[in-house]
A.B. asks: 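Got a structure here, written out as structure tokens. Questions coming.
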Amino acid sequence: MSKYIPGYGPLGAKIMIVGECPTPRDVLAGRPFSDNRALDDLLREAGIQKSQCWLTTVSKFHVPPSPKTTGYKTPFYIRAKNAGINVEQQVIELQSEVNSLKPNLIIGIGRTAMKHITGKKDIDDYRGSILSGMGRKFLGT
């Protein structure tokens with residue numbers, strides 16, 4: 001299992017941004033979304049200051065991607081289990097993080113965030129919709 005990478009941002013942040021897991025670069029930097037220019041650009045276009053958001057991930061540990069040689073995308077929970085990560089425990093910790101921060105909105109990036117925060121499986125059906133998840137408004141993208 002890799003290094004634990006906690007969420008960060010200002011306490012009392014109104015927006016929480018949740019991704020799947022830290023990338024290898026995030027592990028080196030010690031924080032999630034450490035080098036995500038696409039996210040930076042999208043937030044800027046939406047008029048959201050990244051520095052005013054809480055940034056975190058479903059798993060606080062890096063979960064290796066599917067092998068490119070298989071041509072098949074292995075589901076997150078299987079990849080996490082294979083890496084020795086207890087996804088259920090990670091989701092409990094995320095719920096605790098949400099409860100302590102009390103954001104007005106959670107922006108979930110990707111299928112994994114949507115599934116583990118709202119229980120909805122297909123992000124394509126809900127992208128851009130305001131849903132409920134972990135007791136908060138949720139926007140999947």
Side-chain angles (χ1 to χ4, degrees), residues 1-68 70-141:
M1 190 167 2
S2 69
K3 179 178 164 187
Y4 184 92
I5 306 300
Y8 75 98
L11 294 177
K14 301 295 183 201
I15 299 173
M16 175 184 271
I17 299 173
V18 181
E20 179 176 87
C21 67
T23 67
R25 283 187 183 181
D26 295 340
V27 172
L28 289 173
R31 53 199 271 176
F33 299 104
S34 61
D35 186 30
N36 194 318
R37 289 191 184 100
L39 176 62
D40 295 347
D41 291 345
L42 290 171
L43 290 173
R44 194 172 19 264
E45 286 176 27
I48 299 170
Q49 293 182 345
K50 184 178 174 183
S51 63
Q52 298 301 307
C53 298
W54 186 266
L55 302 153
T56 193
T57 50
V58 172
S59 171
K60 304 300 188 268
F61 299 96
H62 173 67
V63 176
S66 299
K68 293 183 184 204
T70 64
Y72 169 75
K73 183 165 168 99
T74 306
F76 173 76
Y77 71 94
I78 292 174
R79 292 183 287 122
K81 183 178 179 182
N82 290 342
I85 298 165
N86 181 332
V87 174
E88 291 80 16
Q89 182 61 41
Q90 294 297 297
V91 173
I92 289 168
E93 289 181 29
L94 178 60
Q95 178 71 69
S96 177
E97 194 175 7
V98 168
N99 292 347
S100 67
L101 289 164
K102 298 178 177 72
N104 290 341
L105 175 67
I106 300 172
I107 299 174
I109 305 207
R111 173 176 287 119
T112 298
M114 175 170 276
K115 179 178 185 248
H116 292 287
I117 295 170
T118 70
K120 308 269 188 222
K121 293 183 181 178
D122 194 353
I123 193 164
D124 292 332
D125 292 342
Y126 300 99
R127 186 176 284 120
S129 299
I130 301 292
L131 304 171
S132 179
M134 294 191 166
R136 303 284 165 208
K137 288 183 279 187
F138 177 88
L139 175 67
T141 185

A.B. asks: Would you check if Lys50 and Leu42 make a side-chain contact, meaning some heavy-atom pair closer than 4.5 Å?
C.D. replies: no
A.B. asks: Kindly indicate whether the side chain of Trp54, heavy atoms from C-beta on, has any atom under 4.5 Å from the side chain of Leu11.
C.D. replies: yes
A.B. asks: Where do Pro24 and His62 come nearest, in terms of heavy atoms and distance?
C.D. replies: CD-CE1, 3.5 Å
A.B. asks: For Met114 and Phe138, run side-chain contact (heavy atoms from CB on, under 4.5 Å): C-alpha distance rounded to whole Å, both residues' side-chain angles, the deciding distance at 0.1 Å, then the answer.
C.D. replies: CA-CA 8 Å; Met114 175 170 276; Phe138 177 88; 3.8 Å; yes
A.B. asks: For the CG atom of Leu101 and the NZ atom of Lys14, what is their distance to the nearest 0.5 Å?
C.D. replies: 11.0 Å
A.B. asks: Say whether Gln95 and Asn99, considering side chains only, have a donor N or O and an acceptor N or O under 3.5 Å apart.
C.D. replies: yes
A.B. asks: Can you see which heavy atom on Lys60 is nearest to which on Pro22, and at what distance?
C.D. replies: O-CG, 3.6 Å
A.B. asks: Regarding Asp125 and Lys120, does a basic nitrogen lie under 4.0 Å from an acidic carboxylate oxygen?
C.D. replies: no
A.B. asks: Would you call Asp41 and Arg44 a salt bridge, taking side-chain N to carboxylate O under 4.0 Å as the test?
C.D. replies: yes
A.B. asks: Do other residues, nucleotides or ligands put more than 12 heavy atoms under 6.0 Å from the OH atom of Tyr8?
C.D. replies: yes
A.B. asks: Is there side-chain contact between Ile17 and Ile48, with heavy atoms separated by less than 4.5 Å?
C.D. replies: no
A.B. asks: Please walk me through it: do Glu97 and Met16 pass side-chain contact (heavy atoms from CB on, under 4.5 Å)?
C.D. replies: CA-CA 10 Å; Glu97 194 175 7; Met16 175 184 271; 4.1 Å; yes
A.B. asks: Counting only heavy atoms from other residues, nucleotides and ligands, does the tally under 6.0 Å from CZ of Arg136 exceed 12?
C.D. replies: yes
A.B. asks: Side chain to side chain contact (heavy atoms under 4.5 Å, CB included) with Val63: which of Asn82, Ile85, Ile78, Thr74?
C.D. replies: Ile85
A.B. asks: Would you mind telling me which of Ile117, Val18, Val58 makes a side chain to side chain contact (heavy atoms under 4.5 Å, CB included) with Thr112?
C.D. replies: Val58
A.B. asks: Is there a donor-acceptor pair under 3.5 Å between the side chain of Asp26 and the backbone N or O of Thr23?
C.D. replies: yes
A.B. asks: With rounding to the nearest 0.5 angstrom, report the CG to CD1 distance, Leu55 to Ile5.
C.D. replies: 13.5 Å
A.B. asks: How far apart are the closest heavy atoms of Gln52 and Ala13, and which atoms are they?
C.D. replies: O-CB, 3.4 Å
A.B. asks: Could you tell me which non-hydrogen atom of Pro6 sits nearest to which non-hydrogen atom of Gly30, and how far apart they are?
C.D. replies: CD-O, 4.4 Å
A.B. asks: Under 3.5 Å, side chain of Thr118 to main-chain N/O of Lys115, donor-acceptor pair present?
C.D. replies: no
A.B. asks: On a heavy-atom basis, which atom in Ser59 and which in Thr57 lie closest, and how many Å separate them?
C.D. replies: O-OG1, 2.6 Å
A.B. asks: Using 0.5 Å steps for rounding, measure from the OH atom of Tyr4 to the CD atom of Gln90.
C.D. replies: 6.5 Å
A.B. asks: If you measure from CD1 on Ile107 to OG1 on Thr141, what distance do you get to the nearest 0.5 Å?
C.D. replies: 8.0 Å
A.B. asks: What's the shortest heavy-atom distance between Ser51 and Pro10, and which atoms?
C.D. replies: O-CD, 3.4 Å
A.B. asks: Can you list the steps and then say if Val87 with Arg79 is a side-chain contact (heavy atoms from CB on, under 4.5 Å)?
C.D. replies: CA-CA 10 Å; Val87 174; Arg79 292 183 287 122; over 6 Å; no
A.B. asks: Taking atom CD1 of Ile92 and atom CD of Glu88, what is their separation to the nearest 0.5 Å?
C.D. replies: 8.0 Å
A.B. asks: Applying side-chain contact (heavy atoms from CB on, under 4.5 Å) to Phe76 and Arg111, what does each step give before you reach the verdict?
C.D. replies: CA-CA 9 Å; Phe76 173 76; Arg111 173 176 287 119; over 6 Å; no
A.B. asks: Looking only at atom types and distance, does a side-chain atom of Ser66 sit under 3.5 Å from a main-chain N or O of Lys73, one as donor and one as acceptor?
C.D. replies: no
